[in-house]
Colleague: 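Let me give you the structure first, and then I'll get to my questions.
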2 protein chains.
Amino acid sequence: MRIGELARATGVEIETVRYYEKSGLLPEPARQANGYRAYSARHLERLAFIRHCRALDMPLADIARLLDFNDHPQSDCGDVNTLIDAQLARVRARLASMHALEAQLAALRARCREPHATQECGILHELVAAAHGEACACHPAPGRGGAGHADPRVFAADAEAPERPGRCDNQAG
Amino acid sequence: MRIGELARATGVEIETVRYYEKSGLLPEPARQANGYRAYSARHLERLAFIRHCRALDMPLADIARLLDFNDHPQSDCGDVNTLIDAQLARVRARLASMHALEAQLAALRARCREPHATQECGILHELVAAAHGEACACHPAPGRGGAGHADPRVFAADAEAPERPGRCDNQAG
DNA sequence: GGTTGACCCCGTAGTGGCTTCAGGGTTTCC
DNA sequence: GGAAACCCTGAAGCCACTACGGGGTCAACC
């Protein structure tokens, strides 16, 4: 099985397959006489597994660990739970902030229904007002002490990040 | 106002402030005799605006365009609408796929309640089965024709991406 | 046998939005 | 006067790819 077939069979792009190999997720396949990669059924299986986990938005490092568990069935699977829990926590945190985000954007969009000069644009006025610290959905208090902005980092950090100083104690206004 | 004060006032990290300057979002400030950056109220305002837009998860390129509209109040604001609409569409598409994701992860997690050997781990079994093409929440059909996996690219592409061949017609099994 | 086109190889660089690092200088406080 | 806090710059690292450049291989067709 050549790389193109493998790619078609799993729905993973050829470049991505080579990338997984380089990153150590997919073992190096045998080579044909001409240097082409020759994949086995085991590769197909493993790549499909990776693909599925990626569809679950897991980081490659976590997938590597799952593959490792899979390769060593004797080990305790407690860490699998932890791993899935962490992923679930990440997804839920993201989901929560994205709901807030959607509400804000929808409200923002409602401020401007028809074309007009930018000067009177409700959207820009709202954004500027919010930036000034006036009330808005994600930025309630005009000075200090409010819940403040949703932290942009929530998409990257959250759940298992080591503690860091907050960035949301907005004092402008 | 030095960079540290600006950073504290807006809740943006110092490095990020410099990064925004380098990317052209924030105009270069004046310098003190010792070379330190000296920011004005206008910078504070602009950075707060950027921060607010980033909290709305807008790409920096879009923010640059909003700032440009803001700087030219005479222009028509139709593009502001388009921009917010695109952002809203992106967020909604992401939300939808994240909801599906959460359901899958929760179902997966339910397969494994207590510690045991990896060999009997319901989570791994489910993942492997799914990768094999057997039924699972995101991968219903055992061969072809199902809705297939959620496309990982949905987080990057979606809404306004140019048409591309689908990657989800999984034929493994 | 020459050409076309599909397929494959490799290494490197680019994406976005930062973050970190290395290696310095300046200011402030005790 | 020495330590700590602050500031500077440029470059590299992060993630998970994606794209590019420049080449080799192979089967089919004229």
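Please read all numbers here as calculations on a predicted model, not as lab measurements. The sequence lines fix the lettering, A, B, ..., with proteins before strands; numbering per chain opens at 1. Quick note: numbers below take in every heavy atom, side chains included, and nothing from hydrogens, waters or symmetry partners.
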Colleague: Name the closest nucleotide to the A:Arg31 side chain, picking from C:dC9, D:dC17, D:dC8.
Modeller: C:dC9

Colleague: Among the nucleotides C:dT19, C:dG17, D:dT25, which one has an atom lying closest to any side-chain atom of A:Asn34?
Modeller: D:dT25

Colleague: So if I take every side-chain heavy atom of A:Tyr19 and compare against D:dA16, C:dT19, D:dC26, which nucleotide ends up nearest?
Modeller: D:dA16

Colleague: Tabulate atom names and distances for all N/O pairs under 3.5 angstrom spanning the protein and nucleotides 12-14 of chain C.
Modeller:
none

Colleague: Please check if B:Tyr36 and B:Leu6 belong to a single hydrophobic cluster, counting links between Ile, Leu, Val, Met, Phe, Trp and Tyr side chain heavy atoms closer than 4.5 Å.
Modeller: no

Colleague: Could you check whether any side-chain N or O of A:Ser40 sits under 3.5 Å from a backbone N or O of A:Arg42, counting only pairs where one atom can act as donor and the other as acceptor?
Modeller: yes

Colleague: Between the main-chain N or O of A:Asp57 and the side-chain N or O of A:Gln87, is there a donor-acceptor pair closer than 3.5 Å?
Modeller: yes

Colleague: When you measure from the side chain of B:His43 to the backbone N and O of B:Pro27, does any donor-acceptor pair fall under 3.5 Å?
Modeller: yes

Colleague: Could you tell me whether A:Arg31 atom CZ has more than 12 heavy atoms of other residues or ligands within 6.0 Å of it?
Modeller: yes

Colleague: Between A:Thr16 and D:dT18, is there a side-chain N or O to OP1/OP2 distance below 4.0 Å?
Modeller: yes

Colleague: Output the rounded distance in Å from CD (B:Glu15) to P (D:dG10).
Modeller: 15 Å

Colleague: Are any side-chain N or O atoms of A:Glu102 and backbone N or O atoms of A:His99, one a donor and one an acceptor, separated by less than 3.5 Å?
Modeller: no

Colleague: Can you tell me if CD on A:Glu28 sees more than 12 non-hydrogen neighbours from other groups inside 6.0 Å?
Modeller: no

Colleague: Given atom OH of A:Tyr20 and atom P of D:dC15, what is their separation to the nearest angstrom?
Modeller: 14 Å

Colleague: So which protein N/O to nucleotides 4-7 of chain D N/O distances come out below 3.5 Å?
Modeller:
{"unit_1": "D:dC7", "atom_1": "OP1", "unit_2": "B:Gly4", "atom_2": "N", "d": "2.9"}

